[in-house]
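Note sheet for the following structure.
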Amino acid sequence: MSKLNKLEIGTKNGDKFLFPEFILKRHLACFGSSGSGKTVASKVIIEELAINGIPIIAFDLQGDVSSLGQLADYEKVKAEGISKGKIDNFKNNVEVVIWTPLIDNGIPICLNPLRFNEIHDLNSIDKRRYIGSTAQNITNVLGFDIEKNDGQVVSAILEITFLYADKENIALQNFKSVSNLIADPPAKITDSLDEIASKGLLSKLIKRINLLCLSSKTLLFENGTPASIDILLGKDRKNEKTRLSVIYLNSLQTSEEKEFFIASIVQSLYTWMMKNTENKNENGLECALFIDEIAPYIPPVKKTACKNSLEMLFRQGRKYGVSSIIATQSPGDIDYKAIGQFSNFLIVSLNTKQDIAKVKNRLEANSQKKANEIIRSIPALEPGEFFFISPDAYDEVIKIKVRWLLTDHIIIKENDISSLTC
């Protein structure tokens, strides 16, 4: 794609407003209170990216992102300024695929975090980082708190075991093979394990791994198409349509499972990005990642299973044309270092002093003369109205009215997913 591509997100003073695609290489965050239209605005950007040939991976945590797979009735939206050609463009050129962990509605998808053969081409630092993140992710899904001592030790045990298996070219077929390796460790890692872990903790870890193999959680690793970034981005086939992959995390029951899935996909995307550096587009985007209501996954203090992977992607993605788009109703509840990697912001209605304070510096830096006026008007913004901050493209903060969606904006329940799946 060329950096000249324009995304139509709404109107400015009644005129059509388009912004250049290339600015999204430096990511975009949408801040707005519940009901302000932040998710709609984010979905408009996703629609525009897809129409312009940029594949997207979107996590659906509440069921409303999946409705991107349900085209709006033209007769109902034409009065809102949506043309038939625009809807037909999305219909004919975009393929929305809804992936469903644990359940068979939609297209089932599973994870295999033990495929270390896929990281052989990475340098030693990136390989070590990948294995360390995988160990943390699995520690979390096993029910150990990675911020407490036992969780840290378990993560170290798994990392030592995985590094050994990778170095010795031992294929870990499943978690039972991990359990067996820890229960009867080879001499090369026995001393390392004995130095950090008590027999009691090793026994507890082995039992939890074995229980994982017998519980319904095993469906996370066995039920459906093995997750692959090439598949999620539609790089595995010659279909000319742009793939918009929605991962329906509403089917997962616990926060640990959701963190595990997000961490695994983001980590795989980071690895895919590093392995495909020779194909990066200097001017435009290769793909985009979207997470709505991201606050629980990158909090300012707590270390979640997916926080490190998200921070790495935010930090490195811009160099490789991998855009991150996030939204939250609580900008005060996300890590300031992570959001420091974002240059573009949509500020929708915010009501608390704490949340407004979090965007004050951004507004002052881009609109010194009108900053106080803008800050005072934020709580009064109507749904669908927002201030757009993009220092790479505009010298001032711009007030925009978001366009109408080409797709329905409704909650999709599990039983309804199959009707949206080709």
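Quick note: numbers below take in every heavy atom, side chains included, and nothing from hydrogens, waters or symmetry partners.
- Pairs passing the side-chain hydrogen bond (donor to acceptor under 3.5 Å, both in side chains) check and including a residue from residues 224-236, sequence neighbours excluded, read Asp230-Trp272.
- For the pair Lys91 and Leu71, the minimum side-chain heavy-atom distance is below 4.5 Å.
- Phe31 places none of its side-chain heavy atoms less than 4.5 Å from the side chain of Leu346.
- For Asn123, the side-chain hydrogen bond (donor to acceptor under 3.5 Å, both in side chains) criterion is met by Asp126, not counting sequence neighbours.
- For Arg128, the CZ atom sits in a loose shell: 12 or fewer heavy atoms of surrounding residues, nucleotides or ligands are nearer than 6.0 Å.
- Applying the side-chain hydrogen bond (donor to acceptor under 3.5 Å, both in side chains) test to Glu382 and every residue at least two apart in sequence or in another chain returns nothing.
- A heavy-atom distance below 4.5 Å is not found between the side chains of Lys25 and Tyr320.
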Identify every side-chain donor-acceptor pair in residues 37-48 under 3.5 Å, counting partners at least two apart or on other chains, and give the distances.
from  : atom 1 : to     : atom 2 : distance (Å)
Lys38 : NZ     : Glu293 : OE2    : 2.9
Thr39 : OG1    : Asp292 : OD2    : 2.7
Ser42 : OG     : Lys38  : O      : 2.9
Lys43 : NZ     : Asp64  : O      : 2.8
Lys43 : NZ     : Ser67  : OG     : 2.9
Lys43 : NZ     : His409 : ND1    : 3.0
Glu47 : OE1    : Arg403 : NH1    : 3.0
Glu47 : OE1    : Arg403 : NH2    : 3.0
Glu47 : OE1    : Leu406 : N      : 3.1
Glu47 : OE2    : Leu406 : N      : 3.1
Glu47 : OE2    : Thr407 : N      : 3.1
Glu47 : OE2    : Thr407 : OG1    : 2.7
Glu48 : OE1    : Glu8   : N      : 2.9
Glu48 : OE2    : Lys86  : NZ     : 2.7
Glu48 : OE2    : Arg403 : NE     : 3.3
Glu48 : OE2    : Arg403 : NH2    : 3.0

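- Within the structure, the salt bridge (charged side-chain N to carboxylate O under 4.0 Å, His left out) test picks out the following pairs touching residues 166-188 (sequence neighbours left out): Lys127-Asp166, Glu168-Lys188.
- Partner of Pro55 under the side-chain contact (heavy atoms from CB on, under 4.5 Å) criterion, out of Ile229, Leu233, Val94: Leu233 alone.
- Here the two rings, on Phe345 and Phe386, have centers that are 6.0 Å apart or farther.
- For Phe19, the ring pair (Phe, Tyr, Trp, His ring centres under 6.0 Å) partners are Phe388, not counting sequence neighbours.
- Checked against ring pair (Phe, Tyr, Trp, His ring centres under 6.0 Å), Phe290 has no partners two or more places apart in sequence or in another chain.
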Return all side-chain donor-acceptor pairs below 3.5 angstrom for residues 321-335, not counting sequence neighbours, or 'none' if the list is empty.
from   : atom 1 : to     : atom 2 : distance (Å)
Ser323 : OG     : Leu24  : O      : 2.7
Thr328 : OG1    : Ser330 : N      : 2.9
Asp335 : OD1    : Lys337 : N      : 2.8
Asp335 : OD1    : Ala338 : N      : 3.2
Asp335 : OD2    : Lys307 : NZ     : 3.2

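- Qualifying side-chain hydrogen bond (donor to acceptor under 3.5 Å, both in side chains) partners for Asp104, counting only residues two or more places apart in sequence or in other chains: Asn223.
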Original post:
Is there a side chain to side chain contact (heavy atoms under 4.5 Å, CB included) between Ile98 and Asp60 once you walk through the steps?
Top reply: CA-CA 9 Å; Ile98 302 176; Asp60 188 356; over 6 Å; no
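- Within a 6.0 Å radius of CD in Glu80, other residues, nucleotides and ligands contribute more than 12 heavy atoms.
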Between side-chain atoms of residues 211-218 and protein atoms elsewhere (two or more places apart, or another chain), which donor-acceptor pairs fall under 3.5 Å?
from   : atom 1 : to     : atom 2 : distance (Å)
Ser215 : OG     : Leu212 : O      : 3.3
Ser215 : OG     : Lys217 : N      : 3.3
Lys217 : NZ     : Val141 : O      : 3.4
Thr218 : OG1    : Glu222 : OE2    : 3.1

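- Between Phe175 and Asn180, every side-chain heavy-atom pair lies at or beyond the 4.5 Å cut-off.
- Applying the side-chain hydrogen bond (donor to acceptor under 3.5 Å, both in side chains) criterion to Lys78, with sequence neighbours excluded, gives Glu75.
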Name the atoms and distances for all side-chain donor-acceptor pairs under 3.5 Å in residues 142-157, with sequence neighbours left out.
from   : atom 1 : to     : atom 2 : distance (Å)
Asp145 : OD1    : Glu147 : N      : 2.9
Glu147 : OE2    : Lys303 : N      : 3.0
Gln152 : NE2    : Glu147 : O      : 3.4

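- Residues Leu252 and Leu102 are in side-chain contact: their nearest non-hydrogen atoms beyond the backbone lie under 4.5 Å apart.
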